[in-house]
Amino acid sequence: MSFPVDVVVMAAGKGTRMKSQLPKVLHRLGGRALAQHVIDTAARLSARSVVVITGHGAERVEAGLHAPAGGTQLKYVRQAPQLGTGHAVQQAAPVLPDDGVTLVLSGDVPLTRPETLQALLDLCAGERMALLTLDMLDPTGSGRIVRSADGSVLAIVEHKDASEAQRALTEIYSGIMAVPTRLLKGWLARLDNQNAQGEYYLTDVVKFAVGDGLSVQAHRIADAVQVAGVNSPLQLAELERAHQLRVAEVLMEQGVRLADPARLDVRGALVCGQDVEIDVNCVFDGQVSLADGVRIGANCVIANAVIEAGAVIHPFTHIDGEKLGVSVGPGSLIGPFARLRPGARLGAEVHIGNFVEVKNSTLAAGAKANHLAYLGDATVGERVNYGAGSITANYDGANKHRTVIEADVHVGSNCVLVAPVTLGAGGTVGGGSTITKDTPPGSLAIARGKQVTLPNWQRPAKKKP
């Protein structure tokens, strides 16, 4: 484009049909606020700035949104009271430079494709008004687009004011327009509220443009999802499924095998390598990376995690890395019904089985905890076998302490390792033991009753065959 673009996002409405204290534009779609989708789309157009018009819940809206990546500047203006769409854009006019094009979007219309908006801007070309319109099978209640013989727009006629011939038209205005800013400012100054609602309508600038002899063009689409707004929980749910289907289609185009595209939820960024398989009802949140050959079983929830090549995440596994993240090494087997919490770092071919929880712990290659166990604030060496029912008692009521289990240790079932404690390499902890002191390498540690660690002794050397 040879002209700068400034995007105005209307986000002042209350959205009473949502029946929620949360401002409408902050309701989430695919893990992001509705208005954040709009802001991020503007950035993909290389917009110079995004001006968000806030009103209802302005402080929460402004705190709940963030500037997009890249050089797009984010600004806020407030509309109080809310006196219509034209009045809203009037509040933004003082911060819009005259040398660009203003693209007007709605904060509750999150799924307009960037290429659609780019086509609209190309039609505007920095010198004419361009409207985004939609063909609808049943346009009842919507304003109709009236075109001249040469295809330019003559007017937007509201349904209640339309003639029978005009009501037969199926092209409606979407609420999205691109206008040279210097012209828009003049038309905004001419708006009045002499109508039944007593509001200032942005659509009135169309009649001003036509009256001034400016060409008004329309870019017509047939995809209603791109211009669908959110005014109720039902509409939000419908757009969520439409959004998720888009995400699924992109993943499948990249080669990801989805058992059912309709049963996938990506609420952040999901990056996949080759030959990745994802079963039904999986949820991905935050930043998730699945390397080549990863298999995700049904009903898993995975957030902020890196899963390396060839790993298998069995069904009903919950992985949530939060800020610390979780990493699963190549060839590892996780689950079913396992839980990996923040700071879990698993090496190659680690096995974490059913009802095992790992938090802020490192497990080296080949380590196994296959059943009913807890590892918290632990460093686990290579080839350690961690028995069913065993836990690290890492919290003393005031501080957390670390447990170190060196390579090739075997921890029996139903053991308690009271941190801070180190189990020496190659040792064995007898089933049902409570360990409160460090054990030397190769030792057999047994402690029962009053949680006293009994003396350790070296295992007899294995006889040579």
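This one's a predicted model, so the numbers in the text were calculated from it and none came from an experiment.
In this structure, the side chain of H37 engages the main chain of L29 through a donor-acceptor pair within 3.5 Å. Side chain of Q226 to main chain of R113: a donor-acceptor pair is present (N/O by atom type, distance under 3.5 Å, no hydrogens or angles).
A salt bridge between R257 and D275 is present, with a side-chain N of the basic residue lying under 4.0 Å from a carboxylate O of the acidic one. Ion pairing between K359 and D377 holds under the 4.0 Å rule for side-chain N and carboxylate O. A salt bridge is defined here as a Lys NZ or Arg NE, NH1 or NH2 lying under 4.0 Å from an Asp or Glu carboxylate O, and D99 with R48 meets this definition.
For D212, the salt bridge (Lys or Arg N to Asp or Glu O under 4.0 Å) partners at least two apart in sequence or on another chain are R190. Every residue two or more places apart in sequence or in another chain was checked for a salt bridge (Lys or Arg N to Asp or Glu O under 4.0 Å) with D396, and none qualifies.
Side-chain contact of D6 with S49: a donor-acceptor pair under 3.5 Å is present, judged by distance alone. Side-chain atoms of H87 and Q79 include a donor-acceptor pair closer than 3.5 Å.
When every heavy atom of V210 is checked against every heavy atom of V153, the shortest pair comes out as CG2-O, 3.5 Å. When every heavy atom of L34 is checked against every heavy atom of K24, the shortest pair comes out as CD1-O, 3.4 Å. Heavy-atom minimum distance, S361 versus L375: OG-O, 3.3 Å.
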